[in-house]
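The structure appears right after this line, and notes come after that.
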Amino acid sequence: MYKEAVDALRKVFEVLPEGVSLSKGGVGELALAHHLNHTLVTGDKGADAMDSNGLLYEYKVSETNNFNFNFGARKPDLEEIVFKHFEHIEGAYCAERVGMDIVAIVYVPSEILVPDIIDTLNKATGSQINRRYNIKKLESLLNPN
């Protein structure tokens with residue numbers, strides 16, 4: 001039943017650049033990096049991709065128009081955790097995809113995104129540090145009127 005899909009994925013893993021993973025959002029990151037002509041950064045901490053000038057970016061790619069920025073369990077140094085994560089990251093590309101096609105994309109610079117994440121998380125009472133956006137909410141950060 002799955003032979004054709006498994007054979008196609010074997011071919012994908014043969015041509016996949018070393019260090020690029022398809023787990024934990026890797027398929028979407030691969031599609032977005034291709035769309036933006038960026039290079040994926042290896043590892044699962046920090047930036048996801050880099051442009052031709054060496055600038056680093058966070059990627060959030062979704063098929064459901066939900067983009068989660070998760071920082072784990074709540075700790076007293078919430079602001080420090082968020083600032084440290086985005087320390088060398090220019091901003092976040094949040095993209096919606098259908099299959100391997102990017103159908104909507106919003107770029108939010110870190111200087112706009114980080115204060116919103118911190119403000120929202122400081123008001124929240126949950127045990128997890130998680131900020132969820134959709135395309136409309138991200139666009140409203142860029143155009144607050």
Kindly give the heavy-atom pair with the smallest separation between C94 and I135, and that separation in Å. O-CD1, 4.2 Å
What one should report as the nearest heavy-atom pair of A47 and L56 is CB-CB, 3.6 Å
What distance do E90 atom CD and N53 atom CG have between them, rounded to the nearest 0.5 Å? 10.0 Å
Does the side chain to side chain contact (heavy atoms under 4.5 Å, CB included) test come out yes or no for I89 and L55, once each step is laid out? CA-CA 7 Å; I89 295 175; L55 299 176; over 6 Å; no
Any ion pair linking K137 and E139 (charged N to carboxylate O, less than 4.0 Å)? no
Minimum side-chain heavy-atom gap L142-L138 below 4.5 Å: no
Kindly give the heavy-atom pair with the smallest separation between M100 and V27, and that separation in Å. SD-CG1, 3.4 Å
Any luck finding a side-chain donor-acceptor pair between Y93 and H38 under 3.5 Å? no
Quick one: does NZ or CZ of R10 land under 6.0 Å from the six-membered ring centre of F13, within 45 degrees of the ring axis? no
Hey, what do you get for CD1 (I112) to CG (L141), rounding to the nearest 0.5 Å? 7.5 Å
Is S62 reaching over with its side chain to a backbone N or O of E96, donor-acceptor style, under 3.5 angstrom? no
Going by an N to O cut-off under 4.0 Å, is there a salt bridge joining D101 and R97? no
Got a second to check how far E111's CD is from D116's CG, nearest 0.5 Å? 13.0 Å
For the CD atom on E4, are there more than 12 heavy atoms of other groups (residues, nucleotides or ligands in this structure) within a distance under 6.0 Å? no
Hey, what do you get for CG (N65) to CG (N134), rounding to the nearest 0.5 Å? 5.0 Å
Does any donor atom in the side chain of D51 or Y57 lie under 3.5 Å from an acceptor atom in the other side chain? yes
N66 vs Y133, side-chain hydrogen bond (donor to acceptor under 3.5 Å, both in side chains): CA-CA, chis, key distance, verdict: CA-CA 6 Å; N66 285 299; Y133 294 94; over 6 Å; no
What one should report as the nearest heavy-atom pair of A92 and L113 is CB-CD2, 3.7 Å
How many angstroms lie between CZ in F83 and CD1 in I81, if you round to the nearest 0.5 Å? 12.5 Å
Where do L78 and I118 land on the side chain to side chain contact (heavy atoms under 4.5 Å, CB included) test, with the steps shown first? CA-CA 8 Å; L78 168 68; I118 290 171; 5.5 Å; no
A side-chain contact here means heavy atoms from C-beta on lying under 4.5 Å apart; do R131 and N70 qualify? no
To check you understand the geometry: which heavy-atom pair defines the closest contact between M50 and V41, and what is its length? N-CG2, 4.1 Å
Output for pair (K84 NZ, D77 CG), nearest 0.5 Å, gives 10.5 Å
Take F71 and L121 through the side chain to side chain contact (heavy atoms under 4.5 Å, CB included) test and state the conclusion after the steps. CA-CA 10 Å; F71 299 92; L121 295 177; 4.3 Å; yes
With side chains defined as the heavy atoms from C-beta onward, is the minimum distance between L30 and L16 less than 4.5 Å? yes
Is it possible for you to check whether K60 lies under 6.0 Å from the centre of the six-membered ring of F69, through NZ or CZ, and within 45° of that ring's axis? yes
Let's go through D119 and K123 carefully: what are the C-alpha distance in whole Å and the side-chain angles of both, what is the deciding distance for salt bridge (Lys or Arg N to Asp or Glu O under 4.0 Å) to 0.1 Å, and is it a yes or a no? CA-CA 7 Å; D119 182 56; K123 293 175 184 172; 3.1 Å; yes
Smallest heavy-atom separation, E29 atom then L40 atom, equals O-CD2, 3.7 Å
Please check if the number of heavy atoms outside D7 that lie under 6.0 Å from its CG is greater than 12. yes
